[in-house]
Number of protein chains: 2
Amino acid sequence: MRIVIIDDDNLVGISLKTILEANQEVEVLAIGNNGKEGILLYEKYQPDVLLMDIRMDIMTGIDAAKIIIEKDKNAKILFLTTFLDDDYIIKALQLGAKGYILKQDFESILPALKAVYSGQNVFGDKIISKIPSFLDQKKALEDLPFSISQKELELIRLVADGLSNKEISQKLYLSEGTIRNYLSNILEKLDLRDRTQLAVFYYQNHLDLYR
Amino acid sequence: MRIVIIDDDNLVGISLKTILEANQEVEVLAIGNNGKEGILLYEKYQPDVLLMDIRMDIMTGIDAAKIIIEKDKNAKILFLTTFLDDDYIIKALQLGAKGYILKQDFESILPALKAVYSGQNVFGDKIISKIPSFLDQKKALEDLPFSISQKELELIRLVADGLSNKEISQKLYLSEGTIRNYLSNILEKLDLRDRTQLAVFYYQNHLDLYR
DNA sequence: TATTGCATGTGACATTTGTCACATCTTAAT
DNA sequence: ATTAAGATGTGACAAATGTCACATGCAATA
């Protein structure tokens, strides 16, 4: 199996090469340090699998993958990363990446590589559990220094529906001033500046999935 | 790696055993023919990985998996199937199955097994493409009576990040007045009232997934 | 009873926001 | 060259928003 490794940290690249080449079947053709090099090295060597970091200077792994897959839709790209990021996962899936696993999982890398080589897609547990539609993730509100009452949550939802203070006050049979005070409290608790940031908070934490 | 195979068709079970045991590391502890046997054999042998068909008489692989995982949430179950079914895929994922691949992919089975054994999740291509149902929603922006320019989209994203007009103007090197005018246009085009509704629109239409 | 806490409300205030009419400048098309 | 279109900007304005200090009333409870 001929592979190319791309990682910001050269040490990681070298270590991976050593680990992987301990296996007879693996041949590391080249090591690069950023997305641009990823593109060039992929074109030059046409590896069976491209093992690539996501966060990199100059050009990210995501951007590089996009370009590579545009040219070769059968490219097999396995992302290696040190942390989790919902956005990246979704993007990676959309691009047609074949996998997404944590660098820390040393023992997993080789099997993952082989599975990808054989045509499968591989994802780590923690990653699968990030895909919002399937899994139940913790309500972010429970991890806060201050607790949010039921009434406050109700208010947050109405803001996240795009209602104005006046509309909310009518809906809840409270005065507009009261709504403002409530909201002001909520914003302080959550360390946000205005209702738009509150709505952003709501959706980015997938609170809409728990209605 | 100690495994148990469950398949409706005994021939498949035996063939798989033969194929897999060609590899030194694999030991097939038992072969069963339906979900009920799957449960019993899993409990008896506590295999590293359970390779199981989905469609089976008496009890399906899904039902069996549910019971097995209830008792042992770390159970590693790899589903083998001959056809694709969205419902099953979703269910399997919800249950916590570690993978889902096609029986036809002979060469894939062993690598997939090893990847699962090492803690990863494995899915075939056709299956991955079924998963992100919520990704398939076309960009809502393209279905509008008016088109949204690139610059406008950029602005929408900044609003959906919770920035104020002043912050946006600084980021884009434009005057605050210009930002307001832009925004005013966008709101009219999208038939929205204020920036909060714009952010709501953005997230409810999953525009954040397409950055 | 007295008190405390909580929910609700008011009024004032500065800021931000959205709208509008119109100006300026550049670029492209005729 | 003239015109048209688009991008950018300004100033004025009303409305909405967020903050704050402080009131009122009610219920629990020490």
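A note on names: the letters A, B, ... follow the listed sequences, proteins ahead of strands, and every chain is numbered from 1. What you see is a predicted model; the values in this text were computed from it and never measured.
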Response to the item:
When rounded to whole Å, the CD1 to C1' distance for the pair A/Ile168 and C/dT8 reads 16 Å

With a cut-off of 3.5 Å and sequence neighbours excluded, list every side-chain donor-acceptor pair involving residues 39-46 of chain B.
from	atom 1	to	atom 2	distance (Å)
B/Tyr42	OH	B/Asp72	OD2	2.7
B/Glu43	OE2	B/Lys71	NZ	2.6
B/Gln46	NE2	B/Glu43	O	3.3

Item to complete: To the nearest Å, give me how far apart CG (A/Asp194) and P (D/dA16) are.
Response: 17 Å

Practice prompt. For A/Leu183 and C/dT16, give me the distance from atom CG to atom C1', rounded to whole Å.
Written response: 15 Å

Fill in: Set of salt bridge (Lys or Arg N to Asp or Glu O under 4.0 Å) partners for A/Glu21, sequence neighbours left out
A/Lys17

For nucleotides 10-15 of chain C, tabulate all protein N/O to nucleotide N/O atom pairs closer than 3.5 Å, reporting atom names and distance.
from	atom 1	to	atom 2	distance (Å)
C/dT10	O4	A/Asn181	ND2	3.0

Worksheet, complete the sentence: Atom CG of B/Leu174 and atom P of D/dG6 are separated, to the nearest Å, by 18 Å

Worksheet item: C/dA7 C1' sits how many Å from A/Leu155 CG, rounded?
Response: 13 Å

Worksheet item: Can you list the residues that meet the salt bridge (Lys or Arg N to Asp or Glu O under 4.0 Å) rule with A/Lys76, with sequence neighbours excluded?
Response: none

Worksheet item: Should A/Arg193 and B/Glu167 count as an ion pair when the cut-off is N to O under 4.0 Å?
Response: yes

Worksheet item: Rounded to the Å, how far apart are A/Glu188 CD and D/dT19 C1'?
Response: 10 Å

Discussion item. Looking at A/Arg193, I'd like to know whether one of its side-chain N or O atoms comes within less than 4.0 Å of OP1 or OP2 on D/dG18.
Written reply: no

Practice prompt. Report the residues that fulfil side-chain hydrogen bond (donor to acceptor under 3.5 Å, both in side chains) with B/Asp194, sequence neighbours left out, ordered by chain and then residue number.
Written response: none

Discussion item. Once salt bridge (Lys or Arg N to Asp or Glu O under 4.0 Å) is applied, do any residues pair with B/Lys73, and if so which ones, sequence neighbours excluded?
Written reply: none

Item to complete: Would you check if there is a donor-acceptor pair between the side chains of A/Glu107 and B/Ser118 at a distance under 3.5 Å?
Response: no

Response to the item:
In whole angstroms, the gap separating P of D/dT17 from NZ of B/Lys166 amounts to 20 Å

Discussion item. In whole Å, I'd like the distance from the OH atom of A/Tyr173 to the P atom of C/dG9.
Written reply: 13 Å

Worksheet item: Can you check whether A/Ser184 has a side-chain N or O nearer than 4.0 Å to OP1 or OP2 of D/dT19?
Response: yes

Discussion item. It should be established whether A/Lys151 places a side-chain nitrogen or oxygen under 4.0 Å from OP1 or OP2 of nucleotide C/dT8.
Written reply: yes

Item to complete: Could you tell me whether the phosphate oxygens of C/dT16, OP1 or OP2, come under 4.0 Å of any side-chain nitrogen or oxygen in B/Asn165?
Response: no

